[in-house]
Amino acid sequence: MPQKSTLNIGLLGFGTVGQGVWKHLQANSANLEQRLGGSLYLAKASTKDLSKIRSVSIPKEQLTDDPWEIVNDPQIDIVCELIGGTDLARKLTLKALEQGKTVVSANKALICEHGQEIFDIARTHQAHFFFEASVAGGIPIIKTLREGLVANRFSLIHGILNGTSNYILTRMEQEGLPLETVLADARKLGYVEADESLDLDGWDAAHKAVILTYLAHGFWADPKALTVEGIRSITPQDMSFAKKLGYKIKLLAIIENIKNSGQIAVGVHPTLIPEATILASVDDVFNGISITGDVAGTTFLVGRGAGQDATASAVISDIADAASLLLNTHQEKNAQKKAPLPIETSCKIANPEAVTSAYYFRMCAKDKPGVLAEIAEALAAHEVSVASMLQESLDKNKVALVITTHRAPESQLTQAIKHLEQLDCILEKPFFIRILDSDL
Ligand code: HSE
């Protein structure tokens, strides 16, 4: 069969990302064509509202309000799914793959929930599915794991995968502001997802962690089986205690291969990280990911995790990859290399109780003799060892107490907290988060 020299691209969704893709593909078409040895034609885009005024102009006849028109068009080779959501997006994606089209997706929730089905359908129909833009915006994390670091087994991947929560934590830390005040600004700037829980309760980062877990360890983790904690309980006081202890607080997605257990702990946690680490310097809406492999050691990627241009950059990188497959005369050979093959794995998700970590506790306690001894005794009873302690008077009868611990199994921590909650001298439910004892 003769190879095509022009590939037709259809965009499902012409919002912020869709317009970015259109704009940058047009601007870079000559360069891309030279590199790929064929041309890319932006054939059509779909949108819910044809009358909307947009900053990127597109000929009227290339815009449709029917995404199926694109998916069912036999002339379209590459479909970019940029509409989000998991219902219509799933149907459109599967239909395109069933017809052997290549699909490029930025939809982390869709891949997290239906990745297995999507990859199975792609394999059955010898179609390609690319998803670089689904995790960490413009940072090429998918390619890095799948290609650049393919020789590695990964002991630890951890990072900031949600820009909005990082923006909020950064301003809380730098300006001493409460979360609600910064959240109001983040809303005004358009940073917060329509479903705010995705950013504030860790679910957006969890979706991305599920995708990275699949790439690194070859299985789809059930998001419901993960420990997912958000940032809502972090106070300016925590920020200032963390600073005094030499840490910053960041919302981290953590994918840890628990040594010799075949278990992978996947979770999202607000975490104290040493101030001198690279990750601690990743501020505002930026994302940063540390990947530790057994061959390459630790690799660190940092960049823009969201926004029109960064996301468009990742989508276009997938379009270029797809194009080099489809335009290549050795298509079949390469296709096998690129198809999302299942990875043989015996790994499974770890029980959160199997995880060990150092911890930060914040407590409100009575200010009277013997309180510290009682708290230390409760921790010792569960073999949790104290690393440091800070205390600040709240009024003449009450103190805010912060204790950091050495590494301990989470199961012991849970028991210690139950114990602390029962003490008369503890006035409110203790708040605790993890401390990352890594130097990156
Ligand atoms: N809400 C996401 C974030 C957008 O803040 O990172 C990019 O996935």
Side-chain angles (χ1 to χ4, degrees), residues 165 168-169 172-173 176-180 197 200-202 226-252 254 256 265 267-275 351-437:
S165 55
I168 294 171
L169 293 176
M172 286 176 69
E173 173 227 320
L177 296 168
L179 186 137
E180 280 303 328
S197 172
L200 300 179
D201 298 320
L226 313 186
T227 307
V228 180
E229 299 162 337
I231 61 167
R232 290 190 207 254
S233 305
I234 308 289
T235 64
Q237 196 186 27
D238 291 317
M239 291 292 179
S240 108
F241 276 129
K243 197 175 173 60
K244 282 184 191 147
L245 293 162
Y247 294 98
K248 281 194 185 184
I249 301 176
K250 297 287 185 189
L251 185 68
L252 295 190
I254 303 177
E256 185 182 358
V268 177
H269 314 274
T271 308
L272 267 74
I273 56 178
E275 228 167 8
N351 180 339
E353 302 285 284
V355 174
T356 67
S357 177
Y359 287 87
Y360 160 101
F361 282 91
R362 169 175 40 81
M363 290 162 277
C364 178
K366 287 182 185 165
D367 193 3
K368 63 170 197 174
V371 166
L372 276 184
E374 255 188 277
I375 292 171
E377 216 172 280
L379 293 173
H382 303 279
E383 294 189 55
V384 176
S385 166
V386 173
S388 73
M389 215 270 310
L390 283 177
Q391 170 172 332
E392 237 172 50
S393 247
L394 295 173
D395 62 35
K396 69 177 175 14
N397 300 314
K398 262 197 322 200
V399 285
L401 260 182
V402 161
I403 285 180
T404 66
T405 76
H406 293 295
R407 248 178 196 266
E410 184 148 327
S411 51
Q412 283 167 219
L413 245 292
T414 316
Q415 292 305 316
I417 287 160
K418 281 189 191 143
H419 193 150
L420 286 171
E421 280 171 11
Q422 281 158 15
L423 297 181
D424 271 354
C425 62
I426 300 292
L427 301 171
E428 286 165 21
K429 199 175 160 60
F431 169 71
F432 72 103
I433 54 178
R434 294 170 182 223
I435 300 175
L436 190 79
D437 43 8

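Computed over heavy atoms, backbone and side chain alike; hydrogens, waters and symmetry mates excluded.
- By the 4.5 Å heavy-atom criterion applied to side chains, Asp238 and Phe431 are counted as neighbours.
- Shortest non-hydrogen contact noted between Pro430 and Met363 is CB-CG, 3.7 Å.
- Of the inter-residue distances, the one linking Gln415 atom CD with Leu379 atom CG reads 12.5 Å to the nearest 0.5 angstrom.
- Sorted pairs that involve residues 366-388 and meet salt bridge (charged side-chain N to carboxylate O under 4.0 Å, His left out), not counting sequence neighbours, are lacking altogether.
- Atoms CG and CD1, on Leu420 and Ile403 in that order, are 7.5 Å from each other to the nearest 0.5 Å.
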The test is side chain to side chain contact (heavy atoms under 4.5 Å, CB included); show your working for Asp201 and Arg232 and say whether it passes. CA-CA 7 Å; Asp201 298 320; Arg232 290 190 207 254; 2.7 Å; yes
Could you go step by step and tell me if Tyr360 and Leu245 meet the side chain to side chain contact (heavy atoms under 4.5 Å, CB included) rule? CA-CA 10 Å; Tyr360 160 101; Leu245 293 162; 4.2 Å; yes
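- The minimum heavy-atom distance between Gly230 and Pro270, with the atom names listed, is O-CG, 3.2 Å.
- In this structure, Ser357 and Glu410 have side chains that are not in contact, with every pair of non-hydrogen atoms separated by 4.5 Å or more.
- Contact annotation: the side chain of Ile168 approaches that of Leu200 to within less than 4.5 Å [non-hydrogen atoms, C-beta and beyond].
- No donor-acceptor pair under 3.5 Å is formed between the side chain of Thr271 and the backbone N or O of Arg434.
- Note: His419 and His382 have perpendicular aromatic rings, judged against thresholds of 30 and 60 degrees for the angle between ring planes.
- Between the OG atom of Ser233 and the CZ atom of Arg362 there is a distance of 7.5 Å, given to the nearest 0.5 Å.
- Between Pro236 and Gly176 the shortest heavy-atom distance is CB-O, 3.8 Å.
- Considering every non-hydrogen atom in both Val399 and Ser393, the closest pair reads CG1-CA, 4.1 Å.
- Looking at Gln237 and Leu394, their side chains come closer than 4.5 Å, going by heavy atoms from C-beta outward.
- Taken from CG in Leu413 to CZ in Arg407, the straight-line distance is 11.5 Å, to the nearest 0.5 Å.
- Contact record, Pro409 with Thr356: CA-CG2, 3.7 Å, taken as the closest heavy-atom pair.
- Screening Leu390, Thr235, Thr404, Leu401 against Phe241 for a side-chain contact (heavy atoms from CB on, under 4.5 Å) leaves a single residue, Leu390.
- Taking each heavy atom of Met172 and Pro178 in turn, the nearest pair found is CG-C, 4.3 Å.
- For the pairing with Phe361, the side-chain contact (heavy atoms from CB on, under 4.5 Å) check across Val402, Ile375, Ile417, Ile433 returns one residue only, Ile417.
- Rounding to the nearest 0.5 angstrom, the gap separating the CD1 atom in Ile231 from the OG atom in Ser165 is 5.0 Å.
- Residue Asp424 qualifies as open at atom CG: its count of foreign heavy atoms under 6.0 Å is 12 or below.
- A heavy-atom distance below 4.5 Å is found between the side chains of Met239 and Leu169.
- When the shell of 6.0 Å around NZ of Lys244 is examined, it contains more than 12 heavy atoms from other residues, nucleotides or ligands.
- Atom-to-atom distance recorded for Ile234:CD1 and Ile249:CD1 is 4.5 Å, nearest 0.5 angstrom.
- Between His269 and Ile254 there is a side-chain heavy-atom pair separated by less than 4.5 Å.
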